[in-house]
Amino acid sequence: MPEMFWSVNQSLLLALVDTFKIFACTLVFAIPLGLLLSFGSMSKIKPLKYLIDLIVWVFRGTPLMLQLFVVFYIPGILLHNNIWGSGTDGRMLATIVAFSLNYACYFSVIFRGGIEGVPAGQREAGEVLGMTKSQIFFKITLLQMIKRVVPPMSNEIITLVKDTSLARVIGVVELTHAGYAYIKAAGIIWPLFYTAVFYLLFVGILTILFNFIERKLSYFR
Amino acid sequence: MAILEVKNIEKHFGNTKVLKDVSFSLDAGNTLAIIGSSGSGKTTLLRCLNFLETPDHGTISVHDKVIFDASLPASDNEKDLRRKRLHFGMVFQSFNLFPQYTALENVMLAEQLLAKERPDFKQNKKQIYAEIEEHGKALLAQMGLADRMDHYPHQLSGGQQQRVAIARALALKPDILCFDEPTSALDPELTGEVLKVIRSLAENKTTMVIVTHEMSFARDVADQIIFMDGGIVVEQGDAKQVIDNPQEERTKQFLSRYTQG
Ligand SMILES: Nc1ncnc2c1ncn2[C@@H]1O[C@H](COP(=O)(O)OP(=O)(O)OP(=O)(O)O)[C@@H](O)[C@H]1O
Ligand SMILES: [Mg+2]
């Protein structure tokens with residue numbers, strides 16, 4: 001029995017690496033992309049703004065699971081060429097693409113709120129003091145934006161941890177997939193339930209981190 | 001001698017004309033008060049002076065040099081525009097202090113950023129920053145805030161915040177300091193401390209343009225008054241004369257609302 005416990009732990013930890021890969025890569029790509037989308041959605045160029053509003057609507061309006069299927073299977077159907085390849089790397093790549101697009105859309109709405117939430121008077125006060133546009137952005141508005149954006153972003157990022165479990169629908173062996181596999185392979189269900197511990201630890205660490213950042217930024221209002 | 005000369009300024013927002021042919025001039029060391037009912041264009045006029053709005057017509061000159069001319073194409077690069085802006089300082093109705101900086105940092109920030117453009121900045125960095133800090137502290141002390149320098153804006157009362165904002169506007173030594181209803185956002189018991197500071201600036205011959213609803217303050221402190229209505233300068237002249245003995249019917253009506261309490 002103890003050997004079983006350690007072998008479950010080992011395979012779940014291995015799967016956790018892939019869970020973490022999805023998580024980290026999604027953040028790395030979705031944050032800059034979300035920032036770009038938020039700029040686009042505030043653009044004075046109306047066609048660009050409408051296009052981006054449409055994209056954001058589609059990605060926020062359909063299930064992430066469906067988007068995973070579409071991203072993974074559509075290239076094969078349309079191009080008669082599975083650009084993702086047949087191996088596990090391809091599945092991981094498709095997952096990261098779908099997650100990044102989906103989360104970039106959510107982030108863009110948050111960033112836009114953060115940017116528009118900084119009162120115009122802040123920018124104007126900088127302007128009349130002879131500051132350049134970039135000085136105003138970096139010295140005045142950026143930190144105020146970050147402060148506004150941290151609470152909603154921490155919500156989204158915690159949701160992302162749990163959303164990684166969706167990747168199993170296209171065969172990525174992440175944490176939930178690995179736990180589920182024990183039902184078929186060994187006829188035991190507790191490893192699936194036991195994955196909760198890993199998710200809770202993951203989210204617990206993030207919560208501590210976000211609380212720390214919020215406290216660091218609480219010196220001003 | 002006129003330090004500021006505003007000629008035939010007009011400004012539209014869409015189809016509404018907010019400023020119609022506004023002209024005035026102001027002598028160095030004098031204080032001009034702008035009065036008028038809500039929506040008459042007072043804020044818009046100040047914002048035009050500070051390049052926060054672009055007039056559709058007219059010219060603005062400082063020290064006999066035209067710094068804005070609506071008939072010329074706006075070819076200014078950012079650097080020139082910034083230089084021109086520095087002729088004016090602005091104190092906003094809602095203070096607009098930078099919340100993430102202390103009182104002293106608010107006052108020093110613009111000067112520190114500007115110092116980076118000095119050719120001797122790299123060699124004398126330490127000394128330049130020390131001078132800026134000394135200047136900032138002196139300004140805050142002048143505002144009666146010597147013991148509040150390290151407070152963040154949210155730790156200060158409205159009156160204290162507005163005095164920090166005045167120090168911040170003075171830091172770059174503008175030729176003309178503009179105030180847009182500097183006490184309107186304050187509790188009545190806090191207006192006095194801000195008006196006192198502005199009064200002492202007037203006594204020290206700071207050139208100022210003040211939009212205000214405080215009639216007795218305008219009468220006592222200003223040299224000149226402009227009364228605006230519907231985007232037009234209805235009456236202008238010596239402060240005491242305009243308040244005590246207005247010539248235009250609209251000015252009389254406006255002022256009677258204040259004297260009757
Ligand atoms: N950005 C803008 N877009 C459209 N209309 C504007 C804009 N700014 C001001 N206005 C209009 O211009 C007119 C003058 O406004 P302004 O703020 O200059 O008046 P004011 O004399 O400062 O009034 P108050 O005493 O209430 O501050 C008002 O009718 C206002 O609605
Ligand atoms: Mg106003």
Side-chain angles (χ1 to χ4, degrees), chain A residues 31 35 38-39 42-46 49-50 107 110-154 209-221, chain B residues 43 46-47 49-53 77-102 105-117 150-156 161 164-165 167-174 176-178 180 185:
Chain A
I31 288 175
L35 206 55
S38 75
F39 291 147
M42 292 182 286
S43 169
K44 288 197 189 89
I45 309 162
K46 288 291 166 199
K49 179 188 146 47
Y50 293 140
F107 291 169
I110 293 175
F111 292 154
R112 181 178 166 172
I115 293 168
E116 292 183 337
V118 178
Q122 290 291 307
R123 205 190 57 243
E124 291 177 353
E127 283 180 20
V128 298
L129 288 167
M131 295 182 199
T132 64
K133 284 203 168 67
S134 82
Q135 286 170 342
I136 290 170
F137 180 74
F138 288 108
K139 295 285 179 182
I140 299 171
T141 41
L142 181 62
L143 194 63
Q144 296 182 44
M145 252 181 68
I146 291 173
K147 185 181 168 84
R148 272 159 215 275
V149 149
V150 167
M153 280 298 277
S154 58
L209 181 71
F210 288 128
N211 285 344
F212 174 76
I213 295 173
E214 278 186 46
R215 232 178 312 118
K216 275 276 161 201
L217 290 174
S218 68
Y219 72 92
F220 73 91
R221 291 207 188 118
Chain B
T43 296
L46 279 196
R47 290 173 61 84
L49 293 181
N50 283 279
F51 294 87
L52 291 172
E53 306 286 357
N77 56 36
E78 191 181 42
K79 196 162 182 174
D80 285 344
L81 178 62
R82 285 167 50 222
R83 290 265 159 235
K84 289 176 178 178
R85 276 202 151 115
L86 293 180
H87 289 296
F88 296 91
M90 178 78 164
V91 175
F92 298 89
Q93 186 173 351
S94 51
F95 327 138
N96 297 354
L97 290 179
F98 307 131
Q100 71 267 45
Y101 294 120
T102 64
E105 287 166 347
N106 263 277
V107 176
M108 296 190 306
L109 181 64
E111 223 183 332
Q112 286 171 337
L113 293 174
L114 216 57
K116 289 186 181 163
E117 291 169 31
D150 297 324
H151 286 55
Y152 287 92
H154 77 269
Q155 299 168 320
L156 298 170
Q161 288 187 53
V164 174
R168 181 178 70 175
L170 284 169
L172 295 177
K173 306 191 181 77
I176 299 133
L177 187 52
C178 303
D180 189 9

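What's counted below: heavy atoms across the whole structure, side chains too, no hydrogens, waters or symmetry copies. Predicted model, so just to flag it, every value in this text is computed and none were measured. Residue numbers start from 1 in every chain, and the chains themselves are labelled A, B, ... in the order their sequence lines are given, proteins ahead of strands.
For a residue to count as touching a neighbouring chain, one of its non-hydrogen atoms must lie under 4.5 Å from one of that chain's; by this rule B/Arg83 does not touch chain A. Only the side chain of B/Phe92 comes within less than 4.5 Å of a heavy atom in chain A; its backbone stays farther off. For B/Phe95, no part lies near chain A; criterion is any non-hydrogen pair under 4.5 Å. Heavy-atom distances place the side chain of A/Gln135, and not its backbone, under 4.5 Å from chain B.
When each of B/Arg82, B/Arg47, B/Arg85 is checked for a salt bridge (Lys or Arg N to Asp or Glu O under 4.0 Å) with A/Glu127, only B/Arg85 meets the rule.
Atoms CD and NZ, on B/Gln100 and A/Lys147 in that order, are 10.0 Å from each other to the nearest 0.5 Å. Note that CG of B/Leu114 is 10.5 Å distant from OG1 of A/Thr132, once rounded to the nearest 0.5 Å. In this structure, the separation between CD on B/Gln112 and NZ on A/Lys139 is 8.0 Å, given to the nearest 0.5 Å. Atom CG of B/Leu113 and atom CE of A/Met131 lie 5.5 Å apart (nearest 0.5 Å). B/His154 NE2 to A/Tyr219 OH: the interatomic distance, rounded to the nearest 0.5 Å, is 10.5 Å.
Considering all non-hydrogen atoms of both residues, A/Ala125 and B/Phe98 come closest at CB-CE2, 3.8 Å. When every heavy atom of A/Leu129 is checked against every heavy atom of B/Leu172, the shortest pair comes out as O-CD1, 3.3 Å. Here the closest heavy-atom approach between residue A/Gln122 and residue B/Leu97 is recorded as NE2-O, 2.8 Å.
Among A/Leu217, A/Leu143, A/Val128, A/Thr141, the residue with the largest count of heavy-atom pairs under 4.5 Å with chain B is A/Val128.
Counted within 6.0 Å of NZ on A/Lys49, heavy atoms from surrounding residues, nucleotides or ligands total more than 12; the atom is thus considered enclosed.
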